Participant: 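Below: one structure in structure tokens.
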Amino acid sequence: MNVLVINCGSSSLKYQLINSDSEEVLAKGLCERIGIDGSRITHTPAGGDKDITEVPMPDHTKAVQLVIEKLTDPKVGVIKSLSEVDAVGHRIVHGGEKFASSVVINDEVMKAIEECNDLAPLHNPANLIGINACTSIMPGVPQVAVFDTAFHQTMPPKAYLYGIPYEYYEKFKVRRYGFHGTSHDFVSNEAAKFLGKDRKDLKIIVCHLGNGASISAVMNGKSIDTSMGLTPLEGLFMGTRSGDLDPAIVTFLSNKLKISAEDVLSILNKKSGVLGLSGVSSDFRDLEKAYDEGNEHAKVTLEAYSYRVAKYIGAYAAAMNGVDVIAYTAGVGENTSLIRGMVGEYLTFLGTRIDPEKNKLRGETVVISTPDSKVVTMIVPTNEELAICRETVRLVK
Ligand code: AMP
């Protein structure tokens with residue numbers, strides 16, 4: 001069957017049409033600047049060139065309409081008609097405590113997703129708009145919600161509770177949720193499969209290092225801890241997000257800069273992380289180049305980044321009382337040998353040994369540790385769209 005995978009942002013919509021039998025991506029694309037002047041759709045059929053069309057997109061319904069037009073276009077399309085879309089899988093950012101797994105979307109599910117809006121005010125409303133747009137254009141086509149938070153719902157209270165008055169958890173559900181769950185689930189599964197083992201028998205640490213970054217401890221197939229929290233701001237340094245810091249910094253900076261706490265949070269989300277610290281870029285390609293050229297800010301930034309990744313790996317090895325596999329994934333994890341090497345240097349106490357030659361590899365599932373390493377260290381490319389497609393098929397077939 002053909003599954004349309006949709007990832008809606010507040011002003012964007014990413015899509016892939018995947019044949020679930022061959023798991024081949026038939027076409028993919030991106031609608032940008034929805035509801036803003038200068039909107040455009042970039043559509044790429046498999047094996048074909050990018051087709052970019054500047055076209056007004058006042059809302060997500062129009063964007064979905066354009067996606068269908070492109071998919072069925074005689075020149076750049078890959079299917080003859082809308083009837084060849086058998087199901088739609090949506091990436092939904094926050095499922096709160098309501099969703100521990102993917103679900104077929106109905107009115108009740110819509111209401112429950114809406115109830116999670118205040119936990120992800122920028123993302124969940126956009127996800128709902130995307131679902132409504134698909135419902136109006138493809139009535140009757142089954143739709144599935146796949147949550148970024150669901151995989152981490154197995155965390156025990158000792159991992160998800162913050163050290164704040166319990167009533168805030170009871171009243172407002174303030175707790176760790178974690179994100180990138182689809183990726184942590186997919187990558188830990190793929191790692192186990194690649195090693196010919198059952199995930200249920202392994203202690204795996206997944207390092208999802210992309211523009212957003214998070215680490216998880218996956219023990220016997222279940223997430224038992226992860227670095228992102230109530231929101232995706234907690235944890236590692238990221239492209240532009242600060243990750244962990246002393247919460248008092250928020251009011252301290254608010255007073256010093258004479259700006260609101262909201263504005264400080266915006267700085268922590270958009271101007272911090274490796275961008276803020278290095279002053280170079282949020283992109284690790286630029287950072288590596290600056291590092292090679294001897295830029296001191298890039299050097300200390302990459303050192304601080306690797307140090308924090310290593311500290312989390314140490315923490316999660318303790319949380320699981322051991323670790324069998326460390327898997328690197330996402331843009332930075334799959335490509336940046338410098339980071340994997342720097343992190344590896346901290347972990348020799350665990351008995352990990354990275355093979356420097358293998359560590360030069362990128363973008364493929366491969367073991368980069370030496371045969372005598374006590375912990376298997378791997379690169380495992382993530383594929384969240386394929387994971388969403390598989391979940392969708394599982395639920396609608
Ligand atoms: P993601 O969020 O997984 O798409 O990751 C995006 C980030 O991965 C980019 O901002 C870069 O920092 C990093 N990245 C992507 N490709 C490379 C590469 N070839 N070398 C180093 N870093 C890369």
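Indexing begins at 1, ligand by ligand and atom by atom, following the structure's order. For clarity, every value in this text was computed on a predicted model and none was experimentally measured.
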Participant: Which heavy atom of the protein is the closest neighbour of atom 23 (C) of ligand 1, given with residue, atom name and distance?
Facilitator: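 Residue, atom and distance for the closest contact: Gly331 O, 3.7 Å.
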
Participant: Less than 4.0 Å between a side-chain N and a carboxylate O, is that true for Arg199 and Asp185?
Facilitator: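 Yes, Asp185 and Arg199 are salt-bridged.
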
Participant: Out of all atoms in ligand 1, which are within 4.0 Å of some heavy atom of Phe284? Include the element for each.
Facilitator: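 This gives 11 (C), 12 (O), 22 (N) as the contact atoms.
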
Participant: Hydrogens and angles aside, do Ser183 and Thr382 bring a side-chain donor and acceptor to less than 3.5 Å of each other?
Facilitator: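 Yes, side-chain donor-acceptor contact under 3.5 Å.
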
Participant: When you measure from atom 11 (C) of ligand 1 to every protein heavy atom, which one gives the shortest distance, and what is it?
Facilitator: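 Answer for atom 11 (C) of ligand 1: Asp283 OD1, 3.4 Å.
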
Participant: In ligand 1, which numbered atoms sit nearer than 4.0 Å to a non-hydrogen atom of Gly210?
Facilitator: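 Under 4.0 Å from Gly210, ligand 1 has these atoms: 1 (P), 2 (O), 3 (O), 5 (O).
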
Participant: Using a 4.0 Å cut-off to any heavy atom of Thr336, which atoms of ligand 1 qualify?
Facilitator: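 So the answer, numbered in order with elements, is 21 (C), 22 (N).
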
Participant: What protein heavy atom lies closest to atom 18 (C) of ligand 1? Include the residue and the distance to one decimal.
Facilitator: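 Of every protein heavy atom, Asn335 CB, 3.4 Å lies nearest to atom 18 (C) of ligand 1.
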
Participant: Got the closest protein heavy atom to atom 2 (O) of ligand 1, with its distance?
Facilitator: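 Minimum-distance protein heavy atom for atom 2 (O) of ligand 1 reads Asn211 N, 2.9 Å.
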
Participant: Pull out every atom of ligand 1 sitting under 4.0 Å from any heavy atom of Val332, numbered as shown with elements.
Facilitator: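 Checking each atom against Val332, I get 8 (O), 12 (O), 13 (C).
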
Participant: Given Val250, which of Asn255, Val264, Ile267 fulfils the side chain to side chain contact (heavy atoms under 4.5 Å, CB included) condition?
Facilitator: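 It is Val264; the other options fail the test.
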
Participant: Step through it carefully: locate the ring centre of Tyr305, locate the ring centre of Phe284, and say whether they are under 6.0 Å apart.
Facilitator: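 Between Phe284 and Tyr305, which both carry aromatic rings, the centre distance is below 6.0 Å.
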
Participant: Run the numbers for me: atoms of ligand 1, each under 4.0 Å from some heavy atom of Glu288, listed by number.
Facilitator: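 In order of number, 21 (C).
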
Participant: Salt-bridged, Glu32 to Arg40, with N to O below 4.0 Å?
Facilitator: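 Result for this pair is yes, salt bridge flagged.
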
Participant: Asp372 vs Thr370, test: side-chain hydrogen bond (donor to acceptor under 3.5 Å, both in side chains). Steps then yes/no.
Facilitator: CA-CA 5 Å; Asp372 64 341; Thr370 58; 2.5 Å; yes

Participant: Does even one non-hydrogen atom of Arg362 get within less than 4.0 Å of ligand 1?
Facilitator: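 So Arg362 counts as touching ligand 1.
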
Participant: Within the 4.0 Å heavy-atom shell around Ala330, which atoms of ligand 1 are there?
Facilitator: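 In order of number, 3 (O).
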
Participant: Is atom CD of Glu108 surrounded by more than 12 heavy atoms (other residues, nucleotides or ligands) closer than 6.0 Å?
Facilitator: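 No - once you tally the heavy atoms of other residues, nucleotides and ligands closer than 6.0 Å, there are 12 at most.
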
Participant: Specify whether Phe172 and Tyr168 have parallel, tilted or perpendicular ring planes, treating 30° as the upper limit for parallel and 60° as the lower limit for perpendicular.
Facilitator: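 Geometry flag for Tyr168 against Phe172: parallel rings.
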
Participant: Output yes when a protein non-hydrogen atom is found under 4.0 Å of atom 4 (O) of ligand 1, and no otherwise.
Facilitator: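 Looking at atom 4 (O) of ligand 1, one finds that no protein heavy atom lies closer than 4.0 Å.
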
